[in-house]
Amino acid sequence: MTTIFNHLPIPLLAETDILVIGAGSAGCVAALSAATHDHCLSVMLVERYGFPGGTSTQMLDTFYGFFTPGATSRKIVGGWPDRIVNELDKVGAVFLRPNTYGAGTGVNYNPERLKLVWDQMIQQHSIRYLLHTTLIDIATEGERYVCIFWNKGGFQKVIARRVIDASGDADFCHLAGFAYEIAGENELAQSLTTTFRMSNVELDEYERAGGKKMLALKMQEAVASGRHPLPRKEGSAHEMNAPKCISTVAVKVAGLSALHADELTKAEIEGRRQAFVYEDFFRDDVPGYQNANIIGLSHQIGVRETRRVYGEHRLTKEECLSGLLPDNRIFLCGAPIEDHRHDASGADETYWEYIPGSGVYGVPYGTIVPKGSQSVWVVGRCFSATHDAHASCRSMAQTMSMGQAAGLAAVQSLRSDEAANSLTVKQLQQDMYELGAILDVPDTLADTSRYGWKANFPSSAEQITHRNSALT
Ligand SMILES: Cc1cc2nc3c(=O)[nH]c(=O)nc-3n(C[C@H](O)[C@H](O)[C@H](O)COP(=O)(O)OP(=O)(O)OC[C@H]3O[C@@H](n4cnc5c(N)ncnc54)[C@H](O)[C@@H]3O)c2cc1C
């Protein structure tokens, strides 16, 4: 591996046992599970932005994937993801959105509070935490990786024995030469979405006027009449963890790559433009929104998929739909395939396909191990899956679960000198069970109190109406 940085004197910032790149939902949990599993190992977490959480705090407010969708909802994720929910719950920053939207019951949280929770949990567990610092290149030194970062202080290097790539875009794997597929190469890539938040929405008035059925009709009318050229007549507009505030996931920007700065620039501009097309529509046409306005756009446009690494195992659509629980599973998923894209003719389309039978499948360990990797794991939305399988397995309960498994696996690999691609998965599973991970499909319906959550399912019709204003 040659790099121009081989010839430059780059100051050493740190040597660490485990380096996690990217503090999104996957990376934060990877660092936390590694640090808490072995206090003698050093863990470092590096993030390019000034706050943790990635997509979870940049633009969203609902964890999906904890529960299976449908009438017989079961809770299928546990361990560190539970601890995060509980921290939010302690300060009343979480409620459950009921199971009427496609992905199942969602865990709605205050995203600003979540930034604080990630910060605090990371600091409490002695993780070396560095924000505003971007991975830009890598080299090797014996069996260790030399990771070169840039921040306002210039170039700095970190030498690591084990690396967990949680950058979302598989930046480390790309630089290290691991193989990957780029979204859009084989199937149409999922679209990009700028999310936005509106305040001063009169929810009672909105509900009295017909709620989401009324909204769907208003959207159709607005588009048919040409008054408001909405790019998409579906999506989610739901109550936030703040009074009279609505979060909307409806913008759709297709055909531009998030890996090319010029295309991403166009996407950011287009996403913002579309957001204000929706604002005009809501204010002009939707009862309850007359005095509402946008108070926040997502920190950046939302990216669903870019690079998907080829791993020791590649999750496929057939495996998701099989409902099988392979022996080497490291977490469960029950989310449907939810594919946001334009179809071949350019028409707006969101494709849904539910997991039949038990409604749950198990995800093999090899999906977080780049092919041939001795000391690197890849977690989160760049894990090893085909386009369709990824469209099911990318919710945040699952990305956190990948991080949990990788953090434990990195510790195990150091303790027992096992390579990533030949790790004893039985031992890993044992550690995961001890942490509270769920690897067997529960036969009882979801009861969050069993897992120490205070937040439980909404009990009154009023809550259900107000807290679920999804458009579809
Ligand atoms: C519009 C949209 C709506 C969605 N809706 C939902 C939903 O409602 N519920 C749900 O559960 N899931 C939802 N998802 C899916 C889910 O949010 C993502 O799959 C998940 O958050 C990805 O987590 P991650 O940790 O893999 O990546 P990310 O959240 O992207 O985190 C990657 C982190 O790495 C950092 N990083 C990147 N490159 C570098 C680098 N070179 N150096 C240092 N740091 C770097 C980034 O800044 C970021 O913090 C949605 C996704 C999108 C885009």
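Start at 1 and go down the list; that is how both ligands and their atoms are numbered.
Using a 4.0 Å cut-off between charged side-chain N and carboxylate O, E112 and R197 make a salt bridge. Between E353 and K317 a salt bridge is recorded (basic side-chain N to carboxylate O distance below 4.0 Å). R307 and D169 are not joined by a salt bridge, as no carboxylate oxygen comes within less than 4.0 angstrom of a charged side-chain nitrogen.
Taken to the nearest 0.5 Å, the CG atom of D17 stands 9.5 Å off from the CZ atom of R144.
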Contact table, ligand 1 N/O with protein N/O, distance under 3.5 Å:
unit_1: ligand 1; atom_1: 9 (N); unit_2: T62; atom_2: O; d: 2.8
unit_1: ligand 1; atom_1: 11 (O); unit_2: Y64; atom_2: N; d: 2.9
unit_1: ligand 1; atom_1: 11 (O); unit_2: M396; atom_2: N; d: 2.8
unit_1: ligand 1; atom_1: 19 (O); unit_2: R394; atom_2: O; d: 2.6
unit_1: ligand 1; atom_1: 23 (O); unit_2: S25; atom_2: OG; d: 3.3
unit_1: ligand 1; atom_1: 25 (O); unit_2: S25; atom_2: N; d: 3.3
unit_1: ligand 1; atom_1: 25 (O); unit_2: A26; atom_2: N; d: 3.1
unit_1: ligand 1; atom_1: 26 (O); unit_2: R381; atom_2: N; d: 2.8
unit_1: ligand 1; atom_1: 29 (O); unit_2: T55; atom_2: N; d: 2.7
unit_1: ligand 1; atom_1: 29 (O); unit_2: T55; atom_2: OG1; d: 2.9
unit_1: ligand 1; atom_1: 30 (O); unit_2: T55; atom_2: OG1; d: 3.3
unit_1: ligand 1; atom_1: 30 (O); unit_2: R381; atom_2: NE; d: 3.3
unit_1: ligand 1; atom_1: 38 (N); unit_2: D171; atom_2: OD2; d: 3.4
unit_1: ligand 1; atom_1: 41 (N); unit_2: L135; atom_2: O; d: 3.3
unit_1: ligand 1; atom_1: 41 (N); unit_2: D171; atom_2: OD2; d: 2.8
unit_1: ligand 1; atom_1: 42 (N); unit_2: L135; atom_2: N; d: 3.0
unit_1: ligand 1; atom_1: 44 (N); unit_2: R48; atom_2: N; d: 3.2
unit_1: ligand 1; atom_1: 47 (O); unit_2: E47; atom_2: OE2; d: 2.6
unit_1: ligand 1; atom_1: 47 (O); unit_2: R48; atom_2: NE; d: 2.8
unit_1: ligand 1; atom_1: 49 (O); unit_2: E47; atom_2: OE1; d: 2.6
unit_1: ligand 1; atom_1: 49 (O); unit_2: E47; atom_2: OE2; d: 3.1

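Annotation for G50 and L131: closest pair O-CD1, 3.3 Å, computed over non-hydrogen atoms.
Taking the six-membered ring for Trp and the full ring otherwise, the centers of H125 and W118 sit at least 6.0 Å from each other.
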